[in-house]
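Single-structure report; data block below.
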Amino acid sequence: MAQLVLDVAGISKRYGDVEVLRDVSFQVGKGETVCVLGPSGSGKSTLLRCINWLERPDAGQIYLNGAQVGITGGGLVMGDRDLSRIRTRIGMVFQHFALWPHLTVLQNLMEAPVQVQKRDKAEVRDEALALLAKVGLSEKRDSFPAKLSGGQKQRVGIARALAMRPDLLLFDEPTSALDPELVGEVLVVMRDLARDGMTMVIVTHEMGFAREAATRVLFLDHGRAVETGSPERFFSNPETERARQFLQRYAGDAAGGRR
Amino acid sequence: MSGGDIAAIFQGAIVTVTLSLIGILIGLPIGLGLALLRWANVPVLARIVALYVSVSRATPLVTLLLLLFFALPNIGVPVSPTSAAVLALVMNTSAFNCEVWRSALANFPKDQYEAAQSVGMRAGLRFRRIVLPQIVRVSLPGLVNEMSMLIKATPALAVVGVVDITRAAVRIGAQTYKPLPPFLVAIALYVPIVFVLVSLQRWIERRQLAAKVAA
């Protein structure tokens, strides 16, 4: 594996009596695109949210570029300051976009690089404009999010995360809230990122995308990492019965390669 | 009604406006602070705030004022009528403001907040740059409404001897045996005071709308 970016080691999480994640481990190397697949309620989103500590795992460790996330060198739970510093390295794209509605598209992109990273405003602006061009939304830079379609909002969401120059990008079902005809434009952007070597962990139900763009898939079931491997192997010849059943339900999608 | 009488009512208007303004300017941020304590669910403090707000909202302003004015000297805190009046106004309005802010905070979309966390914004920055600009917009009508209620509650301050618009009018009516003119003057003064507030709200809303349309 290339240089290790993310190391998830034995993460567990429970809500009351429900064990959402059970001892989940996986690693992501630089430039990899790992798609996390699994039935609804299998813990995919929770796993993703544990990586940047939006959810606090009950057990296990997470390392980003070798540094532990959420726990200080002294073994204490990190405060707001330390956690925030690490989060600047981990971008996140949300299912419902989560753009800031009181800011324009360009302001959404510039907010954190200027306010958090204290980078030069003119430089951030140039970079933000380049990112908007990359996601095909240059002409929307002064629009407010309310004026955008779902697909456009999500592309802004991706550009906003990229504006921080993160080492790792997390996607939480980025196309699940979109009308079917808008899914494609978001997947195109994500595929470009994969091709450019962005390191990504993507929770998705888009089997066609996972098959084509993932370097590896991770299959979760009932909070366990049941299977991991190359998309070719996983989709054509899954090891476990659970994965087989899961894929059968998506057979139409995967074969049709929904765009 | 003599010119001196009219001047007396204007004097009352200055008292009304000054005390209301002080009450608003102090009560507004305190209300926000209380709402934040409840929003963040700070242990113990959140409970105390909840109790404080319930009691303050349930207590009539007159009763609260009388309590402060007569009880505080009893426990060794001397208060003038004016300071008791300001204290009562602040306690009253901060409790109502707290509820307005709190409902805006409670309805604030969680994922927007998480998006701010995910780009590494610290708590202060998240609040100042992402939450506050939006809850101000949502809360504004409720807050302005509460401000105008506060202004209209100021005649209650007369019970401890504060001479506001209404108290001045009552006095003149009693002296001249012609209550109609002073009360008409009084109402003529309340209307523009509240109107200024409502205009301010409209102006802010229009500016926000203009910013959106321009985009």
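Note that the structure is predicted; figures quoted are calculated from it, not measured. Here is the naming used below: chain letters follow the sequence lines, and residue numbers restart at 1 for every chain.
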Toward chain A, the part of B/Ile130 with a non-hydrogen atom under 4.5 Å: both
Measuring only between side-chain heavy atoms, which start at C-beta, is B/Pro133 closer than 4.5 Å to A/Trp100? no
Side chain, backbone, both or neither of B/Gln134 within contact of chain A (heavy atoms, under 4.5 Å): side chain
Is it the side chain or the backbone of A/Arg81 that comes within 4.5 Å of chain B heavy atoms, both, or neither? both
Closest non-hydrogen contact found for A/Arg160 with B/Ala115 is NH2-CB, 3.4 Å
Any residue of residues 40-62 of chain A which, by heavy atoms, sits under 4.5 Å from chain B: A/Arg49, A/Asn52, A/Leu54
Sort A/Ile86 into side chain, backbone, both or neither according to what part of it lies under 4.5 angstrom from a heavy atom of chain B. neither
When you look at CD of B/Gln11, are more than 12 heavy atoms from neighbouring residues, nucleotides or ligands closer to it than 6.0 Å? no
For chain A, which candidate among B/Gln117, B/Arg129, B/Met121 shows the most heavy-atom pairs at distances under 4.5 Å? B/Arg129
Using a 4.5 Å cut-off on heavy atoms from C-beta on, say whether the side chain of B/Arg126 contacts that of A/Asp80. yes
I need the A/His102 NE2 to B/Leu132 CG distance, nearest 0.5 Å. 9.0 Å
Leading residue by heavy atom contact count with chain B [cutoff under 4.5 Å; candidates A/Val105, A/Thr88, A/Leu170, A/Leu83]: A/Thr88
With a 4.5 angstrom heavy-atom cut-off, which part of A/Glu111 approaches chain B: side chain, backbone, both or neither? side chain
